[in-house]
Colleague: 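Let me begin by handing over the structure; questions about it come next.
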Amino acid sequence: MSDPLFDLDGRVAVVTGGMGQLGQVYLAGLVERGMRVASFDVVAGAVPEGVRAYDVDVTDRPSIARALDDLVAEWGVPHLLVNNAGLDSPPDAAAEEVGPFEDYPEATFDAVMDVNVKGTLLCCQLVGGAMAKEGRGSIVNVSSVYGLLSPPQGLYEFRRAQGETYFKPVAYSVSKSAILNLTRYLATYWAKEGVRVNTLTLAGVWNDQPKEFLDAFATRSPMGRMLDAREAVGAVVFLAADASSYVTGSNVVVDGGWSAW
Ligand SMILES: NC(=O)c1ccc[n+]([C@@H]2O[C@H](COP(=O)([O-])OP(=O)(O)OC[C@H]3O[C@@H](n4cnc5c(N)ncnc54)[C@H](O)[C@@H]3O)[C@@H](O)[C@H]2O)c1
């Protein structure tokens, strides 16, 4: 028996960064619930049956517009946009990227802000604009506990103990903070057009990190562990579904209690 509060059958979703760790899980989770799902990503790869994969750079407005035109012609205006594409410095980033703040490279700052902030803004302009014309839609902008709070640099002490200079870089945090107010801005802007806009804030996702990091994370986390990517799907389903019809401008925090102490 389907529950009308959570019924997504036949609705259309766009997931940016659909080829990434979390993106893949969103694609599968939304298809399982009967949605027709499009992935917008710069990277190609295998997608679950029922997913259309588009080659889209979210920092490039014409590439978003092309994919959206095609998608609308095939399936109609999306009901859900998950702005999940993101750039962070990988653990093996160049030394200057993870070195002292005083020397943090401008070019890296620009690249991270471009994808995480401008990319989200452009997708909201185009996909959200089309939703507003339809008088309905839900946008989920993905943030991080590192956008709510500073990264605790102590989590990375094990790297310094190995003789490296390592600080979790600044741009990711700044970009993910910007998401919180982009969401609030758009939630109020489109409130009467029926487009709801919310932030989904996640804590660190388990991805086979080094034991020293997992141990440090467990000490910092009230639940004593990282997020399993599959645990992020429920919040997206809630924000996509009629169950959240009065929820807009909010921040749904899925962090195992990280921000509670
Ligand atoms: N993994 C975590 O611990 C964690 C924690 C909190 C929040 N998040 C957020 O969740 C989202 C997904 O994270 P993830 O861990 O799956 O990352 P990921 O690196 O595995 O995936 C990101 C995806 O975005 C795509 N992408 C990058 N630049 C793009 C561009 N210009 N245009 C289109 N696609 C682009 C990449 O190709 C990749 O497929 C990000 O917004 C991230 O900030 C992740």
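Note that the coordinates shown come from a computational prediction; the quantities given were computed from them, not determined experimentally. Ligands are counted one by one from 1 in listed order, and the atoms in each one are counted from 1 as well.
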Colleague: Using 30° and 60° as the class boundaries, would you call the ring planes of Y146 and Y156 parallel, tilted or perpendicular?
Modeller: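 Aromatic pair Y146/Y156 classed perpendicular.
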Colleague: Just by distance, do the side chain of R36 and the backbone of V12 share a donor-acceptor pair under 3.5 Å?
Modeller: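 No: the side chain of R36 does not pair with the backbone of V12.
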Colleague: Out of A229, S144, A203, indicate the one that has the non-hydrogen atom closest to atom 5 (C) of ligand 1.
Modeller: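 Result: the heavy atom closest to atom 5 (C) of ligand 1 is in A203.
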Colleague: When you look at N141 and T183, which way does the side-chain hydrogen bond (donor to acceptor under 3.5 Å, both in side chains) test go after all the steps?
Modeller: CA-CA 7 Å; N141 292 326; T183 289; 3.0 Å; yes
Colleague: Test side-chain hydrogen bond (donor to acceptor under 3.5 Å, both in side chains) on D70 and Y54 and set out the steps.
Modeller: CA-CA 9 Å; D70 185 272; Y54 289 94; 2.6 Å; yes
Colleague: With nothing but distance in play, are any N or O atoms of N84 less than 3.5 Å from an N or O of ligand 1?
Modeller: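 Yes.
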Colleague: May I ask you to identify, for V115, whether its side chain, its backbone, both or neither come under 4.0 Å of ligand 1 on a heavy-atom basis?
Modeller: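 It is the side chain that gets close, since no backbone atom is under 4.0 Å.
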Colleague: M226: heavy atom below 4.0 Å from ligand 1, yes or no?
Modeller: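 The answer is no: ligand 1 sits nowhere under 4.0 Å from a heavy atom of M226.
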Colleague: I'd like to check whether V205 has a polar contact with ligand 1, where a contact means an N/O of the residue lying under 3.5 Å from an N/O of the ligand.
Modeller: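 Looking only at distances, the answer is yes, because the N/O contact criterion of under 3.5 Å is met.
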Colleague: Does ligand 1 have a heavy atom under 4.0 Å from the side chain of S143, from its backbone, from both, or from neither?
Modeller: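 The answer is the backbone of S143.
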Colleague: Number the atoms of ligand 1 from 1 as they appear, then name those within less than 4.0 Å of a heavy atom of G17, with their elements.
Modeller: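 Listed by number with element, the hits are 23 (C), 24 (O), 25 (C), 39 (O).
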Colleague: Does the N or O separation between G23 and ligand 1 drop below 3.5 Å for any pair?
Modeller: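 Looking only at distances, the answer is no, because the N/O contact criterion of under 3.5 Å is not met.
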Colleague: What's the shortest distance from atom 27 (C) of ligand 1 to any protein heavy atom, and which residue and atom give it?
Modeller: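 Atom 27 (C) of ligand 1 sits closest to the protein heavy atom G86 O, 3.8 Å.
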Colleague: How far is atom 17 (O) of ligand 1 from the closest protein heavy atom, and which atom is that?
Modeller: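 Residue, atom and distance for the closest contact: Q21 N, 4.6 Å.
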Colleague: N/O of V58 under 3.5 Å from N/O of ligand 1, yes or no?
Modeller: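 Indeed, backbone or side chain, V58 has an N or O that close.
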Colleague: I need the N116 CG to T59 OG1 distance, nearest 0.5 Å.
Modeller: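 The distance works out to 11.0 Å.
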Colleague: Do the rings of Y189 and Y185 sit parallel, tilted or perpendicular, given the 30° and 60° boundaries?
Modeller: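 Ring orientation, 0 to 90° scale: parallel.
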Colleague: In the protein, which heavy atom is nearest to atom 16 (O) of ligand 1, and how far is it?
Modeller: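 Its nearest protein heavy-atom neighbour is L22 N, 2.8 Å.
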Colleague: Can you confirm whether something in the protein, heavy atoms only, sits under 4.0 Å from atom 3 (O) of ligand 1?
Modeller: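 So atom 3 (O) of ligand 1 has protein heavy-atom neighbours under 4.0 Å.
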Colleague: Decide if atom CD of Q162 counts as having more than 12 heavy atoms of other residues, nucleotides or ligands within a radius under 6.0 Å.
Modeller: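 Correct, the count exceeds 12.
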Colleague: Tell me which protein heavy atom sits closest to atom 21 (O) of ligand 1, plus the residue, atom name and distance to 0.1 Å.
Modeller: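 Result: G20 CA, 3.3 Å.
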Colleague: Is there a nitrogen or oxygen of L202 sitting under 3.5 Å from a nitrogen or oxygen of ligand 1?
Modeller: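 Looking only at distances, the answer is no, because the N/O contact criterion of under 3.5 Å is not met.
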Colleague: Compute the minimum heavy-atom distance from V42 to ligand 1 and say whether it is under 4.0 Å.
Modeller: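 Yes, V42 has heavy atoms under 4.0 Å from ligand 1.
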Colleague: So, for L149 and W258, which heavy atoms are closest and what is the spacing to 0.1 Å?
Modeller: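 Minimum heavy-atom separation between L149 and W258: CD1-CD1, 4.1 Å.
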Colleague: If the threshold is 4.0 Å, N to carboxylate O, is there a salt bridge linking D242 and R11?
Modeller: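 Salt bridge present between D242 and R11.
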Colleague: How long is the straight-line distance from CG of N181 back to OG of S143, given to the nearest 0.5 Å?
Modeller: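 Rounded to the nearest 0.5 Å, the OG-CG separation comes to 11.5 Å.
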Colleague: Does F167 have R160 sitting over its ring (NZ/CZ under 6.0 Å from centre, angle to axis within 45°)?
Modeller: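 Yes.
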Colleague: For a side-chain hydrogen bond (donor to acceptor under 3.5 Å, both in side chains) check, start with the C-alpha distance between D57 and S63, then their side-chain angles and the critical distance, and finish with the verdict.
Modeller: CA-CA 6 Å; D57 178 346; S63 91; 5.8 Å; no
Colleague: Should G119 be listed as contacting ligand 1, given a heavy-atom distance under 4.0 Å as the test?
Modeller: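 The answer is no, since G119 has no heavy atom less than 4.0 Å from ligand 1.
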Colleague: Looking at D55 and R66, does any basic side-chain N land under 4.0 Å from a carboxylate oxygen?
Modeller: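 Salt bridge flag = no for R66 with D55.
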Colleague: Tell me: protein heavy atom nearest atom 8 (N) of ligand 1, and distance?
Modeller: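 Sorting protein heavy atoms by distance from atom 8 (N) of ligand 1 puts Y172 OH, 3.5 Å first.
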Colleague: Any N/O of T59 closer than 3.5 Å to an N/O of ligand 1?
Modeller: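 No, T59 has no N/O under 3.5 Å of an N/O on ligand 1.
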Colleague: I'd like to check atom 19 (O) of ligand 1 in this structure: does the protein have a heavy atom lying under 4.0 Å from it?
Modeller: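 No, because not a single protein heavy atom sits under 4.0 Å from atom 19 (O) of ligand 1.
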Colleague: Identify, by atom number and element, the atoms of ligand 1 in contact range of D57, meaning under 4.0 Å from any of its heavy atoms.
Modeller: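 It comes down to these atoms of ligand 1: 30 (C), 31 (N), 32 (N).
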Colleague: Could you tell me whether the side chain of T248 and the main chain of V197 form a donor-acceptor pair under 3.5 Å?
Modeller: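 Checking the backbone N and O of V197 against the side chain of T248, a donor-acceptor pair under 3.5 Å is found.
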Colleague: One residue to check: V56. Relative to ligand 1, which of side chain, backbone, both or neither has a non-hydrogen atom less than 4.0 Å away?
Modeller: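 For V56, the contact with ligand 1 is made by the backbone alone.
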Colleague: Just to confirm my output: which protein heavy-atom neighbour is closest to atom 38 (C) of ligand 1, and how far is it?
Modeller: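 Result for atom 38 (C) of ligand 1: D41 OD2, 3.6 Å.
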